[in-house]
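Throughout, protein chains are lettered first and strands after them, A, B, ... in sequence-line order, and every chain is numbered starting at 1. Any value given below was found using the heavy atoms of this structure, including those in side chains, with hydrogens, waters and symmetry copies removed.
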Number of protein chains: 2
Amino acid sequence: MSRAIDPSNIIPKYYQLANILREQIENGTWKANGTIQSERQLEQQYNLSRPTIRQAIDLLITQGYLYRIHGKGTFVSPPKLQKGILELTSFSEDMRNRGLEPGQEFLEFGLITPPKKITTRLDITDPLQKVLRIKRIRTGNDVPIGIQDSYLNLPEKKTITKEELEERGSIYVILQEKFGIYPAEADETLEVTLASEEEAALLSIPAGSPLLLNERILYSQDRKAIEFVSILYRGDRYKYYMRLTKKV
Amino acid sequence: MSRAIDPSNIIPKYYQLANILREQIENGTWKANGTIQSERQLEQQYNLSRPTIRQAIDLLITQGYLYRIHGKGTFVSPPKLQKGILELTSFSEDMRNRGLEPGQEFLEFGLITPPKKITTRLDITDPLQKVLRIKRIRTGNDVPIGIQDSYLNLPEKKTITKEELEERGSIYVILQEKFGIYPAEADETLEVTLASEEEAALLSIPAGSPLLLNERILYSQDRKAIEFVSILYRGDRYKYYMRLTKKV
DNA sequence: TATAGATAGTGGTAATGACCACATTACATC
DNA sequence: GATGTAATGTGGTCATTACCACTATCTATA
């Protein structure tokens, strides 16, 4: 049961085809490491040209759904986590993937003059420039999982209210829908630290417990640094997962 | 001084062009976030068709060197670390990037019948199948940094000797040059643990010190699991770095 | 002066056609 | 039976052509 391409649709044909194929992959139409139709067959089947077919397949390859072997065919990747950068960087999404209900408790919310460490990370030169600081305790099923401390370098005259954030749930959704800004790249580090008295109290653990510190700088589509965020995870309750794909 | 495309070369034209552009990017021909030539200009300049131009640019975009903005142009990404999966997964390369001289001390080397945990990770069903285990202490400037424990699922009748490994330095180089196997994807986790007596002794730290545990499953170009490796890093001497790029 | 519209330049999408390189299979030959 | 070769099907590369969509700028108009 394959849907068809709608030429009048504003969505590009290669994108429509990619969606159809992705759906079939997720439905288990093909088994893992099995071949899908050849490019010539898809050409016939959907009445599209080969460049368009290849463009759709290219997209699914960069998304990790398919891979090609020259002379043999196009294959379905084994069903692993397929996460984009947005999901990777969203605590809520992360929690839900682990089967936990995400929650939060605000510690700070408002415009501040950023300290040196933050101006460096966000490439801020104007000493009067302010950033939006959001510090929260993050929970999964009401158990404290981590302390998230975020510094947002928003465009002139634009800001986010606490109400918006509580309503929409995600900073990134607001950035995208309200300002047309979306994350394109991120630099990220992970290291071990020990809980200070204050951190220990916030996370309900003994001082000196090992923590996983995750720091991230987020860049928008025009490569401006838009956010510096650190998340301190309880070492006993959190495991960081990622998937790497060869770029060449 | 732009080199030219050699049509008789076995290397594809788009690949030659990508190399030329990458070189210019690294030479600093354009400033960060500046535009390169338009696609039509490149067409003229190198006497190539636009699809070929776009293919070259697409490659450099997935490699993180360039980005496009519709209606404005093609831009040079700020000079950050541009790492492929191979470099990301090689301890030696990693150390050199940090300005440390990598070293190692072998603890185990040889074919073993893998324990349950390993057969699960490597999708091994044959109970007679053996894997190559390599356990090493890894050092940077002769200071112990981590304990690396690797299990390789090699093709039938093929193996790697300790001498080869010491000579070539990297398992991945041997896999690629000797067997034509190269890493295409990896699943990776990071978590905090505390050093056992044995681990503490190997790393010259007190028992109970916090460690960063990195586990990785490597997949080859045909999506077979080829290696499971765990690296225990000294929490006080190691910080994990990565760069994420949006896939869509 | 402010605004709306036209224009030019950029990347985005798409069809058509051709040929090359790699992997597998079938078949002829030794 | 073993071996080599041809045929077939797959993805890989490339040129040509056309038109669409977004951005910035210029220009005529209110």
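Taking only distance into account, the side chain of A:R50 never meets the base of C:dG17 through a donor-acceptor pair shorter than 3.5 Å.
Contact check on B:K72 versus A:D222 returns no salt bridge, with no Lys/Arg side-chain nitrogen under 4.0 Å from an Asp/Glu carboxylate oxygen. Salt bridge annotation for A:E39-A:R68: present, with a cationic side-chain nitrogen under 4.0 angstrom from a carboxylate oxygen. A salt bridge links A:K178 with A:E164; the closest basic N to acidic carboxylate O contact falls under 4.0 Å. Here B:R121 does not pair with B:D187 in a salt bridge; the nearest charged N to carboxylate O distance is not below 4.0 Å.
For the pair A:Q16 CD and C:dG12 C1', the computed distance is 15 Å after rounding to whole Å. Per the geometry, NZ belonging to A:K13 stands 13 Å off C1' belonging to D:dA18, to the nearest Å. Summarising the geometry, the separation between CD1 on A:I57 and P on C:dT13 is reported as 16 Å, rounded to the nearest angstrom. Remark: P of D:dG9 and CZ of A:F75 are 17 Å apart, rounded to the nearest angstrom. Note: CD1 (B:I61) to P (C:dG12) measures 7 Å, nearest angstrom. Look at OH on A:Y15: it is 23 Å from P on D:dC20, rounded to the nearest Å. At whole-Å resolution of the value, CG in B:L17 and P in D:dC14 are 10 Å apart. For the pair B:D222 CG and C:dA23 P, the computed distance is 12 Å after rounding to whole Å.
A search for salt bridge (charged side-chain N to carboxylate O under 4.0 Å, His left out) contacts involving A:R223 returns A:E185, not counting sequence neighbours. In this structure, the side chain to side chain contact (heavy atoms under 4.5 Å, CB included) partners of B:Q55, at least two apart in sequence or on a different chain, are B:Y14.
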Nucleotide N/O of nucleotides 8-10 of chain C paired with protein N/O under 3.5 Å:
unit_1	atom_1	unit_2	atom_2	d
C:dG9	N2	B:G71	O	3.1

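Residue A:T52 places no side-chain N or O under 4.0 Å from the OP1 or OP2 atom of C:dT13. Distances shorter than 4.0 Å separate none of the side-chain N or O atoms of A:R68 from OP1 or OP2 on D:dT10.
Around CD of B:E166, the count of heavy atoms belonging to other residues, nucleotides or ligands within 6.0 Å exceeds 12.
Residue A:P51 is in base contact, counting any heavy-atom pair closer than 4.0 Å across all strands shown.
Ranking C:dA14, D:dC14, C:dG12 by closeness to the A:Y14 side chain, first place goes to C:dA14.
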